[in-house]
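What follows is one structure encoded as structure tokens, with my remarks underneath.
All of these numbers come straight from a predicted model, not from anything done at the bench.
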Amino acid sequence: MTTTKSPRDALVTGMGFCLPGRTAPTATPEQFWTAVAHGESFLAQDDGTYFGSVPLDPQSVVDRLPEIPPRFVAKYSDIHLYGLLALLEACEDAALDWRTGALREAAVLAGRNATADAIVDTYLPVLLADTRHISPREARSVLFRNVLNAVMSDVETTQAGLVGATGPSYTLSCGCASSAVLIGNAARMIAAGETDIAVVTGADYWRESRLRQYAELEARSVMGTEPQTATLVDEPMRPYDERAAGLNYGNGAATLILESREHARRRGARSHGRILAQTTTRNAQPNLALDTDGAGAVRAARACMAGLASPDEIDYVNGAATGDRAFNLMEGNIMPAIFGERTANLPVTVQEAVFGHSGAPLGVIGVAATLQMMGHGHIAPTANCEKPADVCGFDPVPGTAGRPARVDLALSLNYTIGSVASAILVGGSDD
């Protein structure tokens with residue numbers, strides 16, 4: 001690796017979550033690592049469906065955030081509460097007191113997958129409102145929720161407003177690569193001196209009751225053809241497994257705090273690791289078809305490593321398989337194109353069967369899991385992978401134990417239907 005330390009390096013100093021858990025949301029880095037390290041899955045529901053739910057008690061949010069009037073909290077949708085709670089956990093992990101202005105000059109960036117459920121749930125009340133009889137208070141509530149969800153459709157508005165941020169602030173929608181692309185944007189802002197600290201969040205929301213109908217509609221749409229992806233509600237997703245049949249969705253949010261090295265040192269912060277580079281590409285697909293050859297992801301990975309590291313120096317890859325045959329085939333093509341003969345022994349794992357396919361949070365989740373593996377010297381297994389598919393010529397680390405390993409340099413990949421691909425080069429803590 002040819003990188004050197006610089007005051008403008010982008011260090012990850014905090015991570016926080018509001019993701020599916022066993023009896024309560026997975027919130028802290030310790031809870032996150034415990035689940036990921038053992039390939040634990042939180043997708044099985046009591047009614048026999050598989051979905052990553054995140055039950056929330058609005059009163060608990062009111063208790064943790066007395067700065068927000070309860071009448072405002074009542075207008076926030078679940079996705080905003082996910083984002084706020086993940087932010088609180090990341091600040092605590094980074095030892096940042098946002099109440100005293102620690103994030104006043106921060107960039108606040110959020111990724112959304114533009115999920116229809118979050119929009120429909122708040123736009124329908126506008127369409128169905130009886131304007132002859134609705135009270136002024138009810139009208140304000142309906143309009144407020146609509147602006148936050150169906151018009152602005154973001155989470156950074158609530159986050160930036162909470163911490164009083166004055167730095168760059170925006171939402172990006174780039175499918176399942178949204179927060180991965182934002183990690184790169186934040187690192188470049190820090191390198192350029194545009195900001196010293198950035199909050200990057202991915203958040204998404206799916207309504208569980210609609211998924212079965214969606215799955216049935218999806219199945220009918222591909223009847224008589226080989227489906228590229230499939231929504232599963234009655235069986236678990238199994239990435240890299242020979243029984244892979246589709247994906248289970250999941251809700252939630254994940255947040256990273258990135259700081260310049262000089263800013264982190266000034267306040268005595270410890271670092272989880274460093275974002276060395278990020279690249280986004282798109283394969284020249286004419287439509288929303290999946291790039292099963294993985295050409296775009298290969299270009300992204302090579303460009304990300306260029307001038308910094310060689311493929312032989314990569315110790316681990318955090319993949320992006322969702323649990324269906326098409327993505328198994330895609331990553332089965334990507335890895336040998338990048339790593340050649342090393343592929344057979346290269347550990348490539350993914351955490352989607354732990355929390356579900358959550359969309360925009362996936363980029364943050366992948367980087368957070370990779371940094372945790374670096375810090376613990378342990379490669380986490382691919383949850384629900386028991387019988388690796390032949391098409392996956394790499395090592396998906398099946399089972400629930402994982403294995404001890406030194407990981408100094410890693411790639412984290414994300415890509416979407418529509419062939420947008422992101423690669424992030426991640427280095428361990430060097431302080």
Side-chain angles (χ1 to χ4, degrees), residues 10 14-19 54 68 72 75-88 90-91 98 103-123 143-190 194-195 197-206 250-258 275 278 280 282 357-368 414-416 418 420 422 424:
M15 55 179 72
F17 312 92
C18 186
L19 294 170
V54 184
I68 304 178
F72 285 174
K75 296 178 178 66
Y76 291 156
S77 65
D78 283 358
I79 195 169
H80 296 104
L81 301 184
Y82 297 156
L84 290 172
L85 292 173
L87 171 62
L88 294 184
C91 286
W98 59 270
L103 293 178
R104 192 162 311 237
E105 297 180 355
V108 180
L109 314 179
R112 290 286 301 273
N113 202 21
T115 49
D117 288 335
I119 297 172
V120 169
D121 281 354
T122 50
Y123 191 49
L143 290 174
F144 188 93
R145 288 174 60 84
N146 181 64
V147 168
L148 279 176
N149 289 275
V151 180
M152 300 174 75
S153 191
D154 59 31
V155 170
E156 55 83 18
T157 299
T158 54
Q159 290 181 328
L162 176 69
V163 302
T166 60
S169 180
Y170 58 85
T171 295
L172 181 144
S173 179
C174 188
C176 305
S178 295
S179 63
V181 173
L182 285 176
I183 289 170
N185 288 3
R188 284 185 283 273
M189 286 181 184
I190 289 171
E194 187 175 349
T195 187
I197 185 166
V199 176
V200 177
T201 298
D204 258 317
Y205 166 82
W206 315 84
N251 286 338
T255 296
L256 293 181
I257 306 288
L258 277 65
I275 304 301
Q278 185 275 334
T280 307
R282 183 184 183 278
H357 181 76
S358 53
L362 293 173
V364 169
I365 290 172
V367 169
N414 292 90
Y415 26 80
T416 71
V420 174
S422 165
I424 302 176

Check [X] against [Y] and note the closest heavy-atom contact, atom names and distance.
{"X": "A90", "Y": "T255", "answer": "CB-CG2, 3.8 Å"}
{"X": "I275", "Y": "A187", "answer": "CG2-CB, 4.1 Å"}
{"X": "G363", "Y": "I183", "answer": "O-CD1, 3.9 Å"}
{"X": "V54", "Y": "C18", "answer": "CG1-SG, 3.8 Å"}
{"X": "A186", "Y": "L258", "answer": "CB-CD2, 4.0 Å"}
{"X": "E105", "Y": "T195", "answer": "O-OG1, 3.5 Å"}

For A254, all residues meeting side-chain contact (heavy atoms from CB on, under 4.5 Å), sequence neighbours excluded: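 side-chain contact (heavy atoms from CB on, under 4.5 Å) check on A254 returns F17, P361, V364, I365.
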
I'd like a table of donor-acceptor pairs (distance under 3.5 Å, sequence neighbours excluded) in which one partner is a side-chain atom from residues 162-169, with atom names and distances.
from: T166; atom 1: OG1; to: R104; atom 2: O; distance (Å): 2.9
from: S169; atom 1: OG; to: V108; atom 2: O; distance (Å): 3.4
from: S169; atom 1: OG; to: E156; atom 2: OE1; distance (Å): 2.3

Distance, nearest 0.5 Å, that separates [atom1] of [X] from [atom2] of [Y]:
{"X": "I190", "Y": "I197", "atom1": "CD1", "atom2": "CD1", "value": "8.0 Å"}
{"X": "L182", "Y": "L172", "atom1": "CG", "atom2": "CG", "value": "4.5 Å"}
{"X": "N185", "Y": "Y170", "atom1": "CG", "atom2": "OH", "value": "4.0 Å"}

Would Y82 and D204 satisfy side chain to side chain contact (heavy atoms under 4.5 Å, CB included), going step by step from the backbone distance to the final call? CA-CA 8 Å; Y82 297 156; D204 258 317; over 6 Å; no

With Q278, which residues qualify under side chain to side chain donor-acceptor pair (under 3.5 Å), at least two apart? R188, T280, S422

Check: W206 side chain, N251 main-chain N or O, donor-acceptor pair, under 3.5 Å: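 Looks like no, no N/O pair under 3.5 Å.
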
Would the distance check show the side chain of S179 and the main-chain N or O of A360 forming a donor-acceptor pair, the cut-off being under 3.5 Å?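 Checking the backbone N and O of A360 against the side chain of S179, a donor-acceptor pair under 3.5 Å is found.
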
So, do [X] and [Y] sit near enough that their side-chain heavy atoms are less than 4.5 Å apart?
{"X": "T158", "Y": "I68", "answer": "no"}
{"X": "L87", "Y": "W98", "answer": "no"}
{"X": "V155", "Y": "T171", "answer": "no"}
{"X": "L362", "Y": "H357", "answer": "yes"}

Side chain to side chain contact (heavy atoms under 4.5 Å, CB included) between I257 and V199, worked out: CA-CA 5 Å; I257 306 288; V199 176; 3.7 Å; yes

